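Okay, so here's the structure we're looking at.
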Amino acid sequence: MSRTPTALWFRRDLRLADHPALSAATADGPVTPLFVLDPVFLSRAGAPRLAFLSSGLAALDEAMGGALVVRTGDPATVVPALAAEVGARDVHATADFGPYGHRRDRSVAAALEADARSLVLSGSPYATDPGSVTKDDGSPYAVFTPFSKVWRAVGWPTPLPEPQTEWRGRPEIGSDPLPSRPATDAELPPAGEETAHAAWEAFASGALARYASARDRPDVAGTSGLSPYLRFGMLHPRQLLNELGGSKSERVFVTELAWREFYADVLHHHPRSGWENLNRRMDAMPVDTGSDARRRFEVWQRGETGYPLVDAGMRQLLARGWMHNRIRMVVASFLVKDLHLPWQWGARHFMAHLVDGDLASNSHGWQWTAGTGTDAAPYFRIFNPVTQSTRFDPDGVYIRRWVPELAHVDGNDVHAPWESKRGIPLGYRPPMVDHREERAESLRRYGLVKGR
C-alpha cells in the first residue's frame, strides 16, 4: 500500500502521545507538522499566554527532532499553501469546538477542497466532544449536575500511545522562526508535554489525596496546577481520567474536569455566550459603565480595593498569570456585585493575564458568579470577601504572601485591617466600598429584573 505525504496542523494539542489526529496522519505517510501563528489569536492572547505558547512550541519542536514548521498568517491561506507545497492530499487536525475555531476550520476546509484536498478532523481537546452529551430527546443539558452524570456514563476512549511518525519538516520545508517569548513580568510554569506529565505525576502522588478538603484553600498547595497544560493540550483530560480511581478526592477531581467539559458544551450550543449573557433576562440588570465605573475597575485591576483577599488574588494574577479558583470566584463576585460592573470587563482582564485563559471556562465561570449563566437561581450568591478570607485563608498566609503591606500583621487583623481594635498602625488602605451596603444594592438591582 502506497504512503502519501500528509500534514498535521497543531492547535490546542501540543503533544505527541494520545493524539488521534497525529495517529491518523501517521497512518497515511510522512507527516509535515505545522503550527500557524494566527493574527486573530495573537491579537486576543495576553503576554503570559503567548509566552507559555512560545515555550510549549519549543518543547514540541525538540520532541520531534526539530521538524516543526511555523508559518504566520491567515490559516485559510497558510494551510492550503503548505499542503500544496508538500504534496499532502489531507491535512489532519484536532477538532475545535470554539466559535472562532469552528468558523476558521470551515474556511480552511473550503480552501483545501477548492484545491482537491481535505481537512480531516479527529478527536478534540475534551474527554467527550462538545455536543455528544445530550438528553434522550437530543437536546443539550443546561444544568451541570445532570450533564455530569450522563458525561460519566458516556465515558471516553482509552488514551492512544505515541505513534512512530516519519517527520518531514524543518529544515527540508521552509519555516518562519519559532515565535520568540514575549516580555512579561509574570512568573510562568515551564511548558511542554514532558513537564506536564511530571506535574500530573507530582500531583497524583501528593496533593491529590487531600484534594477534596484542600482545593478551596489558597494558602496551601492543594490544587493540581494543570490548567495551563490542559489549555494547550500538553496533557489531554482523558489521560488523567484513565489513571484516576474512586477515592473521594479523585471523584471530586473528576467533577472539576467535568465542569471544563460542561462549559465547552454550553459554548458549543450557545456561541454568543462567550461574551453575552446566556440568560437573556439578565440583560436588563443595571450595571455601571461610566467614567467613575472605569476608575473603580482600574482599582480592582491593580489589587487596591482595600479588601485583602481580593487584592491578594488580583496581585497573584499579575505576578503568576494564574489565580486560585476559589479566589477567582471571590474577585469576580466583588467586581460584579460590590462594584456593579459588567462581568465582561473582568472576563477580558482575566483573558489578558491568565496563562490558562480559555473562552468557555473563563466566560462561563464569570457568568456563574454574575448570575447570568447556567445556574438556576444564582444571583443571591454574593461572596463576602472577609468571610471568605477567614474561612479559606484562616491564618492569612495567602494574604501576607501577595499583599506585602500586611506581612507584619498578626492574627485575624489581616482579614479586615480597617476594623482592628488593637490600636496598632496596620498601614493598609481602607475598603473602597462597604460590602454590606453594596450587597443590598445588588439585590435591589436584581429585584428590578426579577420575574421578567
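None of these values were measured; they are calculated from a predicted model.
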Gap between atom OG1 of T289 and atom CZ of F297 - 0.5 Å precision: 12.5 Å
Polar contact flag, side-chain donor to acceptor under 3.5 angstrom, D13-H19: yes
Nearest heavy atoms of W275 and A347, plus distance in Å: CZ3-CB, 3.7 Å
Aromatic plane relationship, F262 with W259 - under 30° parallel, 30 to 60° tilted, over 60° perpendicular: perpendicular
Ring-face cation contact, W402 with R320, 6.0 Å cut, 45° max: no
Side-chain donor-acceptor pair present, D28, T4, cut-off under 3.5 Å: no
Ring geometry between F232 and F52 (parallel below 30°, tilted from 30 to 60°, perpendicular above 60°): tilted
W343 six-ring face occupied by R348 cation (under 6.0 Å, within 45°): no
Test item: side-chain donor near acceptor, E261 and W151, under 3.5 Å: yes
Centroid-centroid distance, F147 to Y263, less than 6.0 Å: no
Salt bridge E256-R215, side-chain N to carboxylate O under 4.0 Å: yes
Pair R401 + D311, salt bridge at N-O below 4.0 Å: no
Spacing of OG1 belonging to T195 relative to CE belonging to M234, to within rounding of 0.5 Å: 9.0 Å
Point-to-point distance, once rounded to the nearest 0.5 Å, from CZ of R11 to CG of L34: 10.0 Å
Test item: side-chain donor near acceptor, Q388 and R326, under 3.5 Å: yes
Check: A111 main-chain N/O paired with R117 side-chain donor or acceptor under 3.5 Å: no
